Each structure stands twice: as structure tokens, then as C-alpha cells.
Amino acid sequence: MNVSTVTFSHDQADAYDQISEVLRLSGVDLASGDILPPGVGKDRVLAVIGKAGSGKTLLLAELYRALEDAGVSVVSGDYEPRKRRVQRTLAILAPTNKAASVLRNHGVPATTIHRILYTPVYDPEYERIAEWLAGNGERPEIEGLTEVALDRAAAFYAGNKSIPGALAAAGLRGSDFITGWKKRDEPLDIGFIDEASMLDEKQFQDLKETFPTLIIFGDPAQLAPVGQSGSMVFESLPKPAILELSRIHRQDADNPILDLAHALADPALEFHHFEKMIEDIAKRDERVVWASRVEVDLMARSPVLVWRNATRIRLINAFREVHGAPGDRLLEGEPLICDGIELPIKHRKKRLDLEARGLIKGAQVVFLGEGRKPGFSRLHVLGAEDPQVSAASIVKIEKPGEEEPFIPFAARMGAAFLHGAAVTIHKAQGSQWENVQVFAPDLFVAAKVGRVEAGQPLWKRLAYVAITRAEERLLWVVRSRLSKPSGPLRVDDLRTGPAPLTLEIQENEI
């Protein structure tokens, strides 16, 4: 087997070989580089499962590079090259913006499942640039664009396979080259899906209908989607179609965060034993912190992870209070969570525009300020490929003990948001942050209740998901206290880079 200079473990090498065989039977031979037209063989689904650090991302990345070297074209969310007769394609998807951005940080051109269901419609003039950058056409001559501008676009695309980014580097705005979005009406080819533990049955069926060859990657120790009785979609596959990884790869073997995650597999481990383990590790390793309070400075970009909604609401209101947030408006820099798009059927195109741009349910957003019209917001969608959006907004801030949320401002219809300074552990799945705060009193309550999910104590599943969201540092918060902010909320670091693509819902159209 000739794959790359990466050293695989035995289980990774076995999974690579089995996936390579499935790809060969579908017409893509990684060993010889031979590619047959789509439609060869029958539909196939494989699942690669493993706990945090088992090397799923490394395996996915190496398979992507091997397919690209064999001549398979990557279908991204920003541009889809014109089809060629023998062309084979690969799409790499994740359920959330944050999960997709984690893959992109590993050099894998991933986008969201939702984004790939809709394709952008390019202005024909600028589509010639996109085809040239994708290697499917001659260098064009475009009125109003200099040779230097085209060189800038080519240089950008060489280092970052983003068509909108390359066109922005040439000095174009999104409204110049993307005229709208349309729902995909044809199936694709090969699909890699990360964070498959988050998929529900409907999404899984849609993906199987879209991709004749589907490889899904998931963590069986995470929390199953709500309403699925604790089961995950890959559990329904026949046993030979499930490839399990076990060895730790992602971080050093002595990484304390992964040590804690894997310790939860011990059936004899009780909650107080686990907390003592955290306290002991925190004394000798700065990557784990035994925290007596919530650090408010981290909450603007990295929400506190909780189990109970009541805890989430209390922390959000405490965050706003210590920042002196007024009762009638949001401060620039406040975090939000998209709770869906509230538009009538006649505005389906507006919904597609916003969802394709990253405003899907669960998206994390930073408020950049009010828009030009009442009820409009300027927003930065964290982890999105084109992050800055302007949209009519309905912002809801829940209050402790009150059934109805406080609404500082709202358009009549548009994108709905909840505050994002704290989120439930369920909603945090698929995301990772450099620093993660876990509100331990909530997990203590879960342990006392004694709930079991899929044969395992619920507190262990919650703890596993929560602590594996941390890339560098885990803060285990043991008291209901909040620090004071070191300074005001900031947004200046989100306003750098090319001019943002902007899509607005016009209130006079609703």
C-alpha cells in the first residue's frame, strides 16, 4: 500500500485499505490512478468510528489528498466546476460551520451539509474567471479587471482553494459575481461526512440519496441527536461496514484532556472520582484548570458549556450584567446562536441565500452592530467561509423565571437568534474551541439524577462531549461565580480581510 509519508496505525491502515477497495469498486483506483466515469458498481456506505484522538481526521485528510492526487475534483460550497465526461467528484461535509472550519484548519476543503445542498449561481462573465482558476478554461479578459487583479486572484487561489476569496482578492464584491442560489437537483458522487454522530435519520437518508459512495466519520461516545433514543445512524449499518479506530493520534499520548476523556470509559468511575482526577491533573498541568469561577472574557467567543437550560439562561444574563449591557439593545461583540430562519414560503429564495451563507440553525454569530434599518443586524458567522452577513433579525434573550424572552429589537421576519454566551453540551457537538469552560455543577446534578443513555450514565456522555471540545485548555468550573471582564467586548479583529459578501432581507418585501 503506497499512501503517503504519514505513519498509520494498524487500524488506520486497515480502514484506509477497505475504503480504497470501496472506491476502486466505484471506479476510482487510488493505487493506479485510474478513473472510470460515475455510475460504476452499486451504492456503498462505510462508517469510520472512534473516540476523540483516534485519528479519524488524519485518515479523512489523507484520503482526500489521495483522491485529489488521482484527479478527483472537490465540490465545495462556493463553486462547482462544469462537469466533464469522465470527471469524478468528492464533497467533504460537516453538520455545522464550526465542524467544517475544524477540518479546514487541517487543510481539508470542507463545507456544511446544508451549503452543499444549494449551489451558487455565478454571473456568466465572472464564471469565466472561476473556470480558469479551477483549471477548466483559458485565462480570460474581463472588462474592468486588470492583469494584476487576475494575478492576485490566481495567487490567492493557489494557496486557498476558495473561488469567492480569489475574486475578492481581485477587488470584486460578492454581489458582483454571485447572483443567487439554487437547490441542487442532481446527485453528487463521493461524499465524506464528518461528525456523523450528529446526523438524524432524515439527514442520513438525504445523504445516501445524494452520494452513491458515502463514507461517514463519527464518535460513538458522543451524544445522539435528540429524539433518536440514544442511537446514532451508523449503528444501523451492517457490521462489516463499520471500521473502528482505537489508537490515540490527534494529540500527544500524555495529553491530559484526552486522558480524562478516555478515563470516562471505566464503568467503575464515579463522578467524585472523576473530579478528584481533574483536580490532581490541574496541579501539575496548566492545560487543565480547576476553576472557582467562570471567566467572562472567554464567553464572547467560547461559550460556557452546560447541561440545563436554566443554567444557560442565568449565565447569559450574568454575562450581560457584568458588561453593562443595556436592556433595550445589544452591545457590539455580543455572541449569538442562530435559532432558525423565520420567513414565509414566498421568500424561499431569501431563506436559501441566508442558509447557504452559513446562517443555519445552531450557527455561532458575533453581533457587529445594528444595520441601516430598524431590526437589521450586521453579523459575523463564526467558522463560515464567507462570514460577514447583514440580515433582518429577531433577537431573543431569555430571562430567569420568565416564560417569554426579552426581545431588544426585531424585524417582522428574518433570522432568529438566542444569546450565545452559554450553550448546552448537546448544541456544542461538532465545535471546538482553544479554551473550553465546563460548568461542573450541572454535571454533578446529572450524576445525582442517575439518568442512563445508550447503556452509559448520562453524566459521562455529557462530560466526554464537553471536555473533548477543548483544543488546548480545559477549565472545569466548580462554583456558580463569574469574574469581571478585563475590558469591553471587541469586534475589531473580525472586521479585517476582504469586503464581506452581504445579503439582506428587505422588510418592504415581507
Side-chain angles (χ1 to χ4, degrees), residues 76-78 93-105 109-118 120 160 162-165 168 173-175 178 181 194-195 198 299-303 330-343 350-371 375-396 411 414-421 423 427-434 469 489-505:
S76 71
D78 56 39
L93 312 179
T96 66
N97 297 307
K98 284 289 287 180
S101 70
V102 169
L103 286 175
R104 291 198 296 272
N105 290 338
T111 189
T112 61
I113 294 171
H114 203 100
R115 178 79 176 259
I116 213 69
L117 294 178
Y118 307 107
N160 185 328
S162 168
I163 295 291
R173 298 171 302 170
S175 57
I178 293 181
W181 302 80
D194 199 19
E195 296 290 350
M198 299 175 66
M299 295 172 73
R301 303 288 171 83
S302 176
L330 291 174
L331 296 175
E332 292 185 6
E334 287 200 65
L336 302 173
I337 300 288
C338 182
D339 199 37
I341 308 293
E342 299 182 5
L343 285 174
K350 295 292 184 184
R351 176 188 293 274
L352 296 189
D353 286 346
L354 292 174
E355 290 178 338
R357 288 291 313 285
L359 274 181
I360 55 180
K361 189 166 184 177
Q364 294 176 278
V365 173
V366 176
F367 178 73
L368 299 180
E370 296 184 12
F376 277 63
S377 301
R378 290 177 289 114
L379 308 163
H380 183 101
V381 184
L382 294 175
E385 293 159 276
D386 307 308
Q388 296 194 13
V389 178
S390 176
S393 305
I394 305 163
V395 179
K396 307 171 186 177
F417 297 95
L418 301 174
H419 206 278
V423 302
K427 285 188 179 293
Q429 288 195 123
S431 296
Q432 283 191 311
W433 298 273
E434 183 177 339
R469 302 310 93 202
L489 294 167
R490 56 177 297 197
V491 296
D492 56 297
D493 59 320
L494 301 179
R495 287 179 167 153
T496 59
L501 296 172
T502 302
L503 298 168
E504 295 191 349
I505 302 171

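As the structure is a computational prediction, the values presented were derived from the model and not from experiment. In what follows, every heavy atom counts, from backbone to side chain, and hydrogens, waters and symmetry copies are set aside.
One distance of note links CG of L103 with CG of D194; it measures 4.5 Å at 0.5 Å rounding. Going from atom OG1 of T96 over to atom CD1 of I113 covers 9.0 Å, rounded to the nearest 0.5 Å. For the atom pair F367 CZ and E332 CD, the distance stands at 7.0 Å (nearest 0.5 Å). We find the CG-CG distance between L418 and L336 to be 9.0 Å, quoted to the nearest 0.5 Å.
Here the shortest heavy-atom pairing between A94 and A100 reads CB-N, 3.6 Å. When every heavy atom of Q364 is checked against every heavy atom of W433, the shortest pair comes out as NE2-CZ2, 3.2 Å. When all heavy atoms of K361 and D339 are compared, the closest pair comes out as CE-OD1, 3.6 Å. Smallest separation of non-hydrogen atoms from R469 and E195: NH1-OE2, 4.4 Å. Closest non-hydrogen pair, I360 versus C338, comes out as O-CB, 3.4 Å. When all heavy atoms of M299 and P335 are compared, the pair lying nearest together is O-CG, 3.9 Å.
Side chain of R104 to main chain of G383: a donor-acceptor pair is present (N/O by atom type, distance under 3.5 Å, no hydrogens or angles).
Evaluated for a side chain to side chain contact (heavy atoms under 4.5 Å, CB included) with H380, the options V365, V491, L368 yield exactly one hit, L368. With F417 as reference, L379 is the one residue of I337, L379, L330, I394 to meet the side chain to side chain contact (heavy atoms under 4.5 Å, CB included) rule.
N97 is not listed as a side-chain neighbour of L382, based on a closest heavy-atom distance of 4.5 Å or more.
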